[in-house]
Chemist: 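Have a look at this one.
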2 protein chains.
Amino acid sequence: MNTKIFIVDDHYMIIEGIRSLLQFQKGIEWMGHAMNASSCMAFLKQHEPDVILMDISLPDKNGIDLCKEVKTKYPETHIIGLSSFNQHSFIQKMLDNGASGYVLKNATLEELLNAIEKVVHGKIFLSPEAELTLEKNENPIIPVITRREKEVLLLIANGMTNNDIALKLFISTTTVETHRKNLLTKFEVKNTASLIRMATQLQLI
Amino acid sequence: MNTKIFIVDDHYMIIEGIRSLLQFQKGIEWMGHAMNASSCMAFLKQHEPDVILMDISLPDKNGIDLCKEVKTKYPETHIIGLSSFNQHSFIQKMLDNGASGYVLKNATLEELLNAIEKVVHGKIFLSPEAELTLEKNENPIIPVITRREKEVLLLIANGMTNNDIALKLFISTTTVETHRKNLLTKFEVKNTASLIRMATQLQLI
DNA sequence: CAAACAATCCCTTAAAAACAGGATTTTTAT
DNA sequence: ATAAAAATCCTGTTTTTAAGGGATTGTTTG
């Protein structure tokens, strides 16, 4: 019985690369590709691939959400996340949303075949580097901040002083100071420079 | 005369994809690939490709620096930047360092062939989206800062105070203040928050 | 309905950064 | 060699932040 493979990726070169790698492999049946989430869903209405290789970044929807959607409607399908990014949050979220694997785009043919083999047998496969990242559990400690604090944070990032912010938000300067104090505490930093640096790294700004 | 193509990319799937696309094209001679900067340089000691497709992110060195190095030693070679990222700074820096083109990884075969055709004739080729990005963001005003200023900037971003920096660099606090003053002037901002924000946006940090 | 949280406000003191306006020495490049 | 640029150091003053302590009023939510 052949394993039916489908790929969702908006990078033509990646699709072509994988197609060329898998096309003539024994036991693999190439079903084709989609370049965005909606045409993937359209395809699934008529076909039943065993394994979907799914890019994390798609033009219309991210692969993490798409993974959840596909697994909800078609629980039998095995999904392998496909990404250049060896990021803890991505890997974790894909697995949380029902993916059976996560393969980095610099994987070799062997690795890819291995991944497919594993997941069709109901096992989990992760690229070695991805596995390492997941183990290490580099928890980036994303602080929980309130709506108001985020508002103040953005205005600080825009170069406004406490006084400016107070005027803009129609609150007292001391209130802004308090929010700022709480932001520093929550981010575990001791000045504005570190605050803005961390916030941008965590993509809050 | 065939156009000799070489590719530097650490993504096996991309290499495979491009190889499969170009391999049997008329007028194209596939020379092979390197998966990092150093083996690229090693290859160039013995061979003379007409066009190098060069990924921006490589394991040992970034493609921007590699581009400069290659163009310095082998000015005749045409380089096409290859990246998933449609980012102004990347495109700009590649062109500044002598690249003749910038192609996004979701490009079609036609686009890629077009790019190769253009650059071997001494012209510049950019993917339409990349061209748009370059036009749109015409004046990002990247300030020219000195080595010392950059050093200070990084330390500021690390949360160090003027005093901390002075101790670390064995210079007077007032000197650090002066560097800081000049940074604010050059970035046309009025406080640390904006400075760090701009610097991260311009990818100087 | 309490307890927790969010948002608001206040005081005080110290530290840090920003603004203004210099000067001198060392490097770098023409 | 010499002019320009970079790096160094001043003296002041003013503004802004940081750190320590609170307190009050709503609003969620278990």
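We name chains A, B, ... by the order of the sequence lines, and we start the count at 1 in each one.
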Chemist: Rounded to the nearest Å, what distance is computed from the CD atom of residue A:Glu151 to the C1' atom of nucleotide C:dT8?
Modeler: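 Whole-Å distance recorded here is 14 Å.
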
Chemist: Closer than 4.0 angstrom, basic N to acidic O: yes or no for B:Glu177 and B:Arg180?
Modeler: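 So B:Glu177 does not pair with B:Arg180 through a salt bridge.
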
Chemist: Quick one: A:Asn191 CG to C:dA16 P, roughly how many Å, whole number?
Modeler: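 The answer, rounded to whole Å, is 10 Å.
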
Chemist: Measure from the side-chain heavy atoms of A:Arg148 and tell me the nearest of D:dA19, C:dT8, C:dC9.
Modeler: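 From the listed options, C:dT8 comes nearest.
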
Chemist: Measure from the side chain of B:Arg180, starting at C-beta and using heavy atoms only, and say which of D:dC9, D:dT8, C:dA17 lies closest.
Modeler: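 Closest nucleotide to the B:Arg180 side chain: C:dA17.
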
Chemist: Salt bridge check, A:Glu69 against A:Lys61: does any charged N sit closer than 4.0 Å to a carboxylate O?
Modeler: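 Salt bridge flag = yes for A:Glu69 with A:Lys61.
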
Chemist: By nearest atom, which of the nucleotides C:dA7, D:dA7, C:dT8 is closest to the B:His179 side chain?
Modeler: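 Shortest atom-to-atom distance from the side chain points to D:dA7.
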
Chemist: When you measure from the side-chain N and O atoms of B:Thr175 to the phosphate of D:dC9, is any distance below 4.0 Å, counting only OP1 and OP2?
Modeler: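 Answer is yes, contact under 4.0 Å.
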
Chemist: To the nearest Å, how far apart are A:Asn182 CG and D:dA18 P?
Modeler: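 To the nearest whole Å, that distance equals 13 Å.
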
Chemist: For A:Thr146, which contact category applies under a 4.0 Å heavy-atom criterion: base, sugar-phosphate, or nothing?
Modeler: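 The answer is sugar-phosphate, as A:Thr146 gets under 4.0 Å only of primed atoms, P, OP1 or OP2.
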
Chemist: Reckon A:Asn163 touches a base, only the sugar-phosphate, or nothing at all at heavy-atom distances under 4.0 Å?
Modeler: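 No contact.
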
Chemist: Among C:dC9, D:dT8, D:dA19, which nucleotide sits nearest the side chain of A:Lys190?
Modeler: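 From the listed options, D:dA19 comes nearest.
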
Chemist: Base, sugar-phosphate or nothing for A:Lys181? Non-hydrogen atoms, less than 4.0 Å.
Modeler: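 Since a base atom lies under 4.0 Å of A:Lys181, the category is base.
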
Chemist: So do A:Ile156 and A:Ile196 actually touch side chain to side chain, heavy atoms under 4.5 Å?
Modeler: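 Heavy-atom side-chain distance check passes, below 4.5 Å.
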
Chemist: Touch check for A:Ser172, heavy atoms < 4.0 angstrom, all strands: base, sugar-phosphate only, or nothing?
Modeler: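 Here A:Ser172 touches the backbone only, sparing every base.
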
Chemist: Would you indicate which nucleotide in C:dC19, D:dT17, C:dA17 comes nearest to any side-chain atom of B:Asn162?
Modeler: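 Closest nucleotide to the B:Asn162 side chain: C:dA17.
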
Chemist: Just the rounded figure in Å: distance from C1' of C:dA17 to CG of B:Leu155.
Modeler: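 After rounding, the gap between these two atoms is 16 Å.
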
Chemist: Would you mind reading off the distance between A:Glu177 atom CD and D:dG20 atom P, rounded to a whole angstrom?
Modeler: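 Rounded to the whole Å, the gap is 15 Å.
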
Chemist: Taking only Lys NZ, Arg NE, NH1 and NH2, and the carboxylate oxygens of Asp or Glu, determine whether A:Asp55 and A:Lys105 approach each other closer than 4.0 Å.
Modeler: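 Here A:Asp55 pairs with A:Lys105 in a salt bridge, since their nearest N and O are under 4.0 Å apart.
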
Chemist: Could you tell me the separation between the CD1 atom of B:Ile145 and the C1' atom of D:dA5, rounded to a whole number of Å?
Modeler: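 Going from B:Ile145 (CD1) to D:dA5 (C1'), I get 15 Å.
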
Chemist: Assess whether a salt bridge exists between A:Lys186 and A:Glu149, defined as any Lys/Arg side-chain N lying under 4.0 Å from an Asp/Glu carboxylate O.
Modeler: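 So A:Lys186 pairs with A:Glu149 through a salt bridge.
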
Chemist: From the options D:dT11, C:dA16, C:dC9, select the nucleotide whose nearest atom is closest to the side chain of A:Thr178.
Modeler: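 In terms of side-chain proximity for A:Thr178, the closest of D:dT11, C:dA16, C:dC9 is C:dC9.
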
Chemist: Can you tell me the distance, in whole Å, between the CD1 atom of B:Ile165 and the P atom of D:dA7?
Modeler: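 In whole Å, D:dA7 P and B:Ile165 CD1 are 15 Å from each other.
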
Chemist: Take the protein atom CG of A:Leu184 and the nucleotide atom P of D:dA19, then report the distance between them rounded to whole Å.
Modeler: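 For the pair A:Leu184 CG and D:dA19 P, the rounded distance is 6 Å.
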
Chemist: Would one find a side-chain N or O of A:Thr192 under 4.0 angstrom from OP1 or OP2 of D:dT17?
Modeler: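 No, because none of the side-chain N or O atoms of A:Thr192 sits under 4.0 Å from OP1 or OP2 of D:dT17.
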
Chemist: Out of C:dA18, D:dC9, C:dT28, which has the shortest distance to the side chain of B:Arg147?
Modeler: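 The nucleotide sitting nearest to the side chain is C:dT28.
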
Chemist: Looking at side-chain heavy atoms only, is the closest gap between A:Val70 and A:Leu44 below 4.5 Å?
Modeler: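 Result yes, sub-4.5 Å side-chain heavy-atom pair found.
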
